[in-house]
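Heads up, the thing below is written out as structure tokens.
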2 protein chains.
Amino acid sequence: MNRQESISDKKEHLKSFIKTKGLKSTRQRDIIVTEFLKTEGHVTAEEFYRKINRRHKNIGFTTVYRTLKLLAESGLAAEQVFADNLTRYESLLGEEHHDHLICQKCGSITEFKDNKLENMQVKIADELGFQILNHKMEFYGYCSNCRK
Amino acid sequence: MNRQESISDKKEHLKSFIKTKGLKSTRQRDIIVTEFLKTEGHVTAEEFYRKINRRHKNIGFTTVYRTLKLLAESGLAAEQVFADNLTRYESLLGEEHHDHLICQKCGSITEFKDNKLENMQVKIADELGFQILNHKMEFYGYCSNCRK
DNA sequence: CATAATTTTGAAAATGAATTTCAATTTCTT
DNA sequence: AAGAAATTGAAATTCATTTTCAAAATTATG
Ligand SMILES: [Zn+2]
Ligand SMILES: [Zn+2]
Ligand SMILES: [Zn+2]
Ligand SMILES: [Zn+2]
């Protein structure tokens, strides 16, 4: 399964979501979705709108905003809020659950996943009788570049 | 060390903070701080203002808001934002660092601390060359009451 | 293909929590 | 007591997010 196939898989996923929900597929949505699934990292609606706007002067912020919401609803994007209180979107294309390291100097957001940690979380919650549906774990500090 | 002593310790702490910063101590601040240090749980500025306002009609929201900020700056309160994107304040009176379980049905916020988990976090960050200054860990799901 | 029905678009307006402004008041220092 | 400096609080502002609404685009139907 290469990256190209994966993207079209995702587009199919969204198309069936759109159909199920009685929505219509449009030129704007196609462009936004295609661009988004190719985008790495964690972008705000504003940032992503600016990127789209470079090539597509006729696509408005509101549509970009709404399409990102749609992607999140359909499960193709993750919506996240870090300490700066801005909502960011991340493509879930080929990504599985992971947590984040956020550098307070350069602002870089890097990702990590540790199964032992994840298992431990479930175990702790279990002992407290709490059923975890999802969790948020973020480390704030200095990345390897900035700590020097 | 009983609770009463602890409260006055904290007030001393704040007083010296106020002095060091060249601030003044006022009737309003005294009332707000005293009330806050007695408050359990995680309150928004708005909620806490309403509580203060019951007995003190002449203390404004802005002053409550600013005093909570001051408490956070001085280290006597923790400022936190959970998934609903509201800023909450928690008294650190007799509390040490802990993480949160947030029930998505009843909204209850409970606390837990697990040293093994905390140690593991530091270790993971270390391996990635990341220097943790602070972290955020929240579990979202159903509390033991609501999962039934 | 034409028409109707429904959804989408996007500029502009609204929302709402957080923050700032500023004139009047209070506190602190001398 | 007077002056300097900080605080107060109502109102205004900010700013990301969300909603509104009329025009345009898409889909369904005949
Ligand atoms: Zn960095
Ligand atoms: Zn990520
Ligand atoms: Zn509950
Ligand atoms: Zn807490």
Side-chain angles (χ1 to χ4, degrees), chain A residues 14-36 42-74 77-89 107, chain B residues 11 14-36 42-74 77-89:
Chain A
L14 184 69
K15 252 182 191 150
S16 84
F17 177 83
I18 281 176
K19 200 154 199 177
T20 309
K21 276 232 166 185
L23 309 176
K24 292 174 178 172
S25 78
T26 66
R27 197 183 58 83
Q28 288 93 327
R29 274 183 188 158
D30 276 355
I31 291 168
I32 295 168
V33 168
T34 303
E35 277 305 308
F36 183 72
H42 310 76
V43 294
T44 64
E46 185 60 35
E47 280 166 3
F48 189 59
Y49 163 69
R50 284 201 298 269
K51 181 175 172 183
I52 291 283
N53 185 249
R54 283 186 224 131
R55 295 170 168 281
H56 305 279
K57 298 293 177 193
N58 50 341
I59 296 183
F61 169 80
T62 311
T63 303
V64 171
Y65 163 79
R66 281 191 284 225
T67 305
L68 289 174
K69 282 278 183 200
L70 205 59
L71 282 160
E73 266 186 78
S74 76
E79 201 181 66
Q80 296 169 332
V81 181
F82 301 122
D84 62 4
N85 256 47
L86 299 182
T87 303
R88 284 166 212 276
Y89 297 85
Chain B
K11 283 192 189 166
L14 185 69
K15 255 186 186 145
S16 83
F17 177 83
I18 281 177
K19 202 155 198 177
T20 309
K21 276 233 167 187
L23 309 177
K24 292 173 178 171
S25 78
T26 65
R27 198 184 59 83
Q28 288 94 327
R29 274 184 188 159
D30 277 354
I31 291 168
I32 294 167
V33 168
T34 303
E35 277 305 309
F36 183 72
H42 310 76
V43 293
T44 64
E46 185 60 36
E47 281 167 3
F48 188 59
Y49 163 69
R50 284 202 297 270
K51 181 175 173 185
I52 291 282
N53 186 250
R54 282 186 225 132
R55 294 171 168 278
H56 305 277
K57 297 293 179 195
N58 50 340
I59 296 183
F61 169 80
T62 312
T63 302
V64 171
Y65 163 78
R66 281 191 284 227
T67 304
L68 290 174
K69 282 278 182 198
L70 205 59
L71 283 160
E73 267 186 79
S74 76
E79 201 181 65
Q80 295 168 332
V81 181
F82 300 122
D84 63 3
N85 257 45
L86 298 182
T87 302
R88 284 165 212 278
Y89 296 85

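Source: prediction; values computed, not measured. Note on naming: letters A, B, ... go to the chains in the order of the sequence lines (proteins, then strands), and numbering restarts at 1 for each one.
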(request) Walk along DNA chain D from 5' to 3' and tell me the first and last nucleotide with an atom closer than 4.0 Å to a non-hydrogen atom of chain A. (result)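 On DNA chain D, the outermost contacted nucleotides are dA16(D) to dT27(D).
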
(message) Any residue in residues 56-67 of chain A with a heavy atom nearer than 4.0 angstrom to DNA chain D? Just list them by number, or reply none.
(response)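 Nucleic-acid contacts, sorted: Phe61(A), Thr62(A), Tyr65(A), Arg66(A).
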
(message) My understanding is that only residues two or more places apart in sequence, or in another chain, count here; which of them pass side-chain contact (heavy atoms from CB on, under 4.5 Å) with Gln28(A)?
(response)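 Testing Gln28(A) for side-chain contact (heavy atoms from CB on, under 4.5 Å), a comparison that skips the adjacent residues, returns Thr26(A), Ile59(A), Thr63(A).
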
(message) According to side-chain contact (heavy atoms from CB on, under 4.5 Å), who are the partners of Ser25(A), at least two apart in sequence or on a separate chain?
(response)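 Partners of Ser25(A) under the side-chain contact (heavy atoms from CB on, under 4.5 Å) test: none.
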
(message) Of all nucleotides in DNA chain C that come within under 4.0 Å of a heavy atom of chain A, which is furthest toward the 5' end and which toward the 3' end?
(response)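 Terminal contacting nucleotides, 5' to 3': dT6(C) to dA12(C).
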
(message) Below 4.0 angstrom, which residues in residues 22-30 of chain A have at least one non-hydrogen atom near DNA chain C?
(response)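 Listed by number, they are Gly22(A), Leu23(A), Lys24(A), Thr26(A), Gln28(A), Arg29(A).
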
(message) Below 4.0 angstrom, which residues in residues 45-53 of chain B have at least one non-hydrogen atom near DNA chain C?
(response)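 The answer is none.
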
What is the distance from atom [atom1] of [X] to atom [atom2] of [Y], rounded to the nearest 0.5 Å?
X: Thr67(A); Y: Phe48(A); atom1: OG1; atom2: CZ; value: 9.0 Å
X: Leu23(A); Y: Phe17(A); atom1: CG; atom2: CZ; value: 7.0 Å
X: Phe61(A); Y: Arg50(A); atom1: CZ; atom2: CZ; value: 10.0 Å
X: Ile32(A); Y: Tyr49(A); atom1: CD1; atom2: OH; value: 10.5 Å
X: Thr87(B); Y: Phe82(B); atom1: OG1; atom2: CZ; value: 10.5 Å

(request) Using the test ring-ring contact (aromatic ring centres under 6.0 Å, His included), find all partners of Tyr65(A) that sit at least two apart in sequence or belong to another chain. (result)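 ring-ring contact (aromatic ring centres under 6.0 Å, His included) check on Tyr65(A) returns nothing, list empty.
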
(message) Give me each pair satisfying salt bridge (Lys or Arg N to Asp or Glu O under 4.0 Å) with a member in residues 20-34 of chain B, each pair once, sequence neighbours excluded.
(response)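 Matches after skipping sequence neighbours: Lys21(B)-Glu73(B).
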
(request) Could you note down all residue pairs passing salt bridge (Lys or Arg N to Asp or Glu O under 4.0 Å) where residues 52-71 of chain B supplies at least one of them, sequence neighbours left out? (result)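 Qualifying pairs, neighbours excluded: Lys69(B)-Glu79(B).
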
(request) May I ask you to say what Lys69(A) touches in the nucleic acid, namely base, sugar-phosphate or nothing, with a heavy-atom cut-off under 4.0 Å? (result)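 Since only primed, P, OP1 and OP2 atoms lie under 4.0 Å of Lys69(A), the category is sugar-phosphate.
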
(message) Classify Thr44(A) by what it touches in the nucleic acid, base, sugar-phosphate, or nothing, heavy-atom distance under 4.0 Å.
(response)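 If one applies the 4.0 Å heavy-atom cut-off, Thr44(A) turns out to touch nothing in the nucleic acid.
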
(message) In the structure I gave you, are the side-chain heavy atoms of Tyr89(A) and Leu71(A) within less than 4.5 Å of one another anywhere?
(response)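 Not in contact.
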
(request) Evaluate the salt bridge (charged side-chain N to carboxylate O under 4.0 Å, His left out) criterion for residues Lys51(B) and Glu47(B): first the C-alpha distance (whole Å), next the side-chain angles of each, then the deciding distance (0.1 Å), finally the verdict. (result) CA-CA 6 Å; Lys51(B) 181 175 173 185; Glu47(B) 281 167 3; over 6 Å; no

(message) Output the pairing pattern of DNA chain C as a dot-bracket string, 5' first, Watson-Crick or G-U wobble with both distances under 3.5 Å, | for cross-strand pairs, [ ] for crossing pairs.
(response) ||||||||||||||||||||||||||||||

(message) Lys19(A): which residues meet the side-chain hydrogen bond (donor to acceptor under 3.5 Å, both in side chains) condition with it, sequence neighbours left out?
(response)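 For Lys19(A) there are no side-chain hydrogen bond (donor to acceptor under 3.5 Å, both in side chains) partners, ignoring immediate neighbours.
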
